[in-house]
Asker: 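Please find one structure pasted underneath; my questions will follow.
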2 protein chains.
Amino acid sequence: MEHPRRQIVLENPSLGEAGKAVKTGISRHRTVIIAGMCRVDYEGRASSKLEPGERVVLFKPDGSALVHRPKDYSPVNWQPSGSLFRTRVNEDGLVVRVYRRKEHETMEVTFTDVRLVAVLDLVDAGEFSLYASEKDMQEAILYRPELLEEGFRPITKEMPVDPGFIDIIGVDKENRLTVVEIKRVKASKDAVNQLRKYMDVIDLDEGRPVRAILVAPELAKGAEMLLKSYGYEYRQLSPQTCSEALKEKKGKPLTAFFQ
Amino acid sequence: MEHPRRQIVLENPSLGEAGKAVKTGISRHRTVIIAGMCRVDYEGRASSKLEPGERVVLFKPDGSALVHRPKDYSPVNWQPSGSLFRTRVNEDGLVVRVYRRKEHETMEVTFTDVRLVAVLDLVDAGEFSLYASEKDMQEAILYRPELLEEGFRPITKEMPVDPGFIDIIGVDKENRLTVVEIKRVKASKDAVNQLRKYMDVIDLDEGRPVRAILVAPELAKGAEMLLKSYGYEYRQLSPQTCSEALKEKKGKPLTAFFQ
DNA sequence: TAATAAATGTCGTTT
DNA sequence: AAACGACGTTTATTA
């Protein structure tokens, strides 16, 4: 015997019917999808006005809300999780007010015509894994220092200094102190400046020559100039390569490499 | 006589029915919503794996795609606009492959159970206006220089220099050259460093004293220290205040202020 | 809570 | 195409 999950799907409902479904969905912490003609007003850190048009609006059980136009990756208006919803139907239409009290932010969506309402009881405990992040690149170099260069030996990772954290500090085969800054995307001037900030601190602490190496899959034109002017070095390395290297080394604890 | 817009809404369809609807929707450049049990694999700049769970997936006519879990503001997987879709039904389920050839990026969503498919012909030409942006702050100061300080006269806006653009250059009431950097949120060390970069360039060009003013609604602790150490100044100003000032001045062209 | 840096950042603009 | 900076950036991490 089939036992269909409780869900509401209304096609071209009246504003009243739609409002009722939305209220039900929100109070029962369901995922609510509304598609239809609406306008949106936002007031908070900035303020915005979106004139009427047809959009897809998502209200999630965690209090996040998204207004999506029929184009673009990013929502035109939104509220992050933790927001509160209030739904009402008045002479303007079906109005959903989404507000965050602490941040003093409000987004109000007013529907004048609803094409679709769906109230869904979604269950999602699936694990999400991301590979080839900057952290992966860092770990890969710690596990296989030859990815940086032959003879390199890491000493510290995430070394805290005044301006932030130095990704990796180590020594090269000639025992010179080496500061490593990792970028998982094409390195820009900013990356070089970041490295420079670290070098300024290191130079203060130590009186001996220190190498600086910028690790990234690509180097922007301006960044290359700046890097050379500082006498720093560049090592091409992609997050994918690092991710591959990590696969082979899975299981060994990081600490083993700091003995 | 009613003329309902062409749209397809299927509740708990078979994978075959769902696939057919999705293919139709994508080929006709409609907005497609699918809710159901799926897994997602992404491969590109990074790579990721999302184990099965129930999600809402959006495919837009401009080639953008979003996978939303029942929580969080941001999609767990996505592709930006310009992507291409390929839909097929096989032994794994209903598979939608979203790829961008140029960037070598692929996202593949595999549905094993579909709770809802909606194919909508959304029309959205509504204008979007954002107020109290950094641009608004800049314009407000150009229109009403006293927002910065009494006697200030702007000379240039968006002055291109080596590291980027100086928001505003002007002279104060004592005719001293003044460099203005604007931030619409609390200014951090980064903002001070940005200002410093501009000052380095200006100092090269001119041999006379130059003032540097950081405009922002708030100043971070570390930023305040750094600012003082450079001898730069801070002017508190909120985007909201600027937005208000602009309302009163609507209509006058900016160029009128550079005579 | 504040600060800091990463992000599959995205998006717009200009060279 | 590349560079550059803003964004209601958001998100995670750490002091």
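A, B, ... follow the sequence lines: proteins, then strands. Residue 1 opens every chain. It should be emphasised that the depicted structure is a prediction, and the values quoted were computed from it without experimental measurement.
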Asker: Please give the distance between the P atoms of C:dT8 and C:dT4 as a whole number of Å.
Answerer: 23 Å
Asker: Could you tell me the separation between the NZ atom of B:K102 and the C1' atom of D:dA1, rounded to a whole number of Å?
Answerer: 8 Å
Asker: Considering every strand shown, what is the Watson-Crick or G-U wobble mate of C:dA3 when both distances are under 3.5 Å?
Answerer: D:dT13
Asker: Quick one, give me the B/S/- string for nucleotides 6-15 of chain C, reading 5' to 3', where B means a protein heavy atom under 4.0 Å from the base and S means that only happens at the primed atoms, P, OP1 or OP2.
Answerer: SSBSSS----
Asker: Quick one: do A:E181 and A:K183 make a salt bridge, cutoff under 4.0 Å?
Answerer: yes
Asker: Between A:E244 and A:K247, does at least one N-O distance fall below 4.0 Å, as a salt bridge requires?
Answerer: yes
Asker: Rounded off to whole Å, could you give me the NZ-to-P distance for the B:K157 and D:dA6 pair?
Answerer: 15 Å
Asker: Rounded to the nearest Å, what distance is computed from the NZ atom of residue B:K197 to the P atom of nucleotide D:dA3?
Answerer: 15 Å
Asker: NZ of B:K189 versus C1' of C:dA5: gap in Å, rounded?
Answerer: 12 Å
Asker: What is the separation between atom CD on B:E139 and atom P on D:dA6, rounded to the nearest whole Å?
Answerer: 16 Å
Asker: Which pair of non-hydrogen atoms, one from B:G44 and one from A:Q240, has the smallest distance, and what is that distance?
Answerer: O-NE2, 2.7 Å
Asker: Would you mind reading off the distance between A:E103 atom CD and C:dT1 atom C1', rounded to a whole angstrom?
Answerer: 13 Å
Asker: Expressed in angstrom and rounded to an integer, what is the separation of B:M137 atom CE from D:dG8 atom P?
Answerer: 14 Å
Asker: Within the 3.5 Å criterion, strictly below it, is a donor on A:Y42 or A:E105 matched to an acceptor on the partner's side chain?
Answerer: yes
Asker: Just one of A:R39, A:R69, A:K71 clears the salt bridge (Lys or Arg N to Asp or Glu O under 4.0 Å) bar with B:D124, so which one?
Answerer: A:R69
Asker: With a 4.0 Å limit, can you tell me whether A:K186 has a side-chain N or O closer than that to the phosphate oxygens OP1/OP2 of D:dA3?
Answerer: yes
Asker: D:dC4 P sits how many Å from B:N193 CG, rounded?
Answerer: 17 Å
Asker: State whether a side-chain donor-acceptor pair under 3.5 Å links B:S74 with B:D72.
Answerer: no
Asker: Do A:Y198 and A:Q194 have side-chain N/O donor and acceptor atoms under 3.5 Å apart?
Answerer: yes
Asker: Using the P atoms only, state how far C:dA5 lies from D:dG8, rounded to an integer number of Å.
Answerer: 22 Å
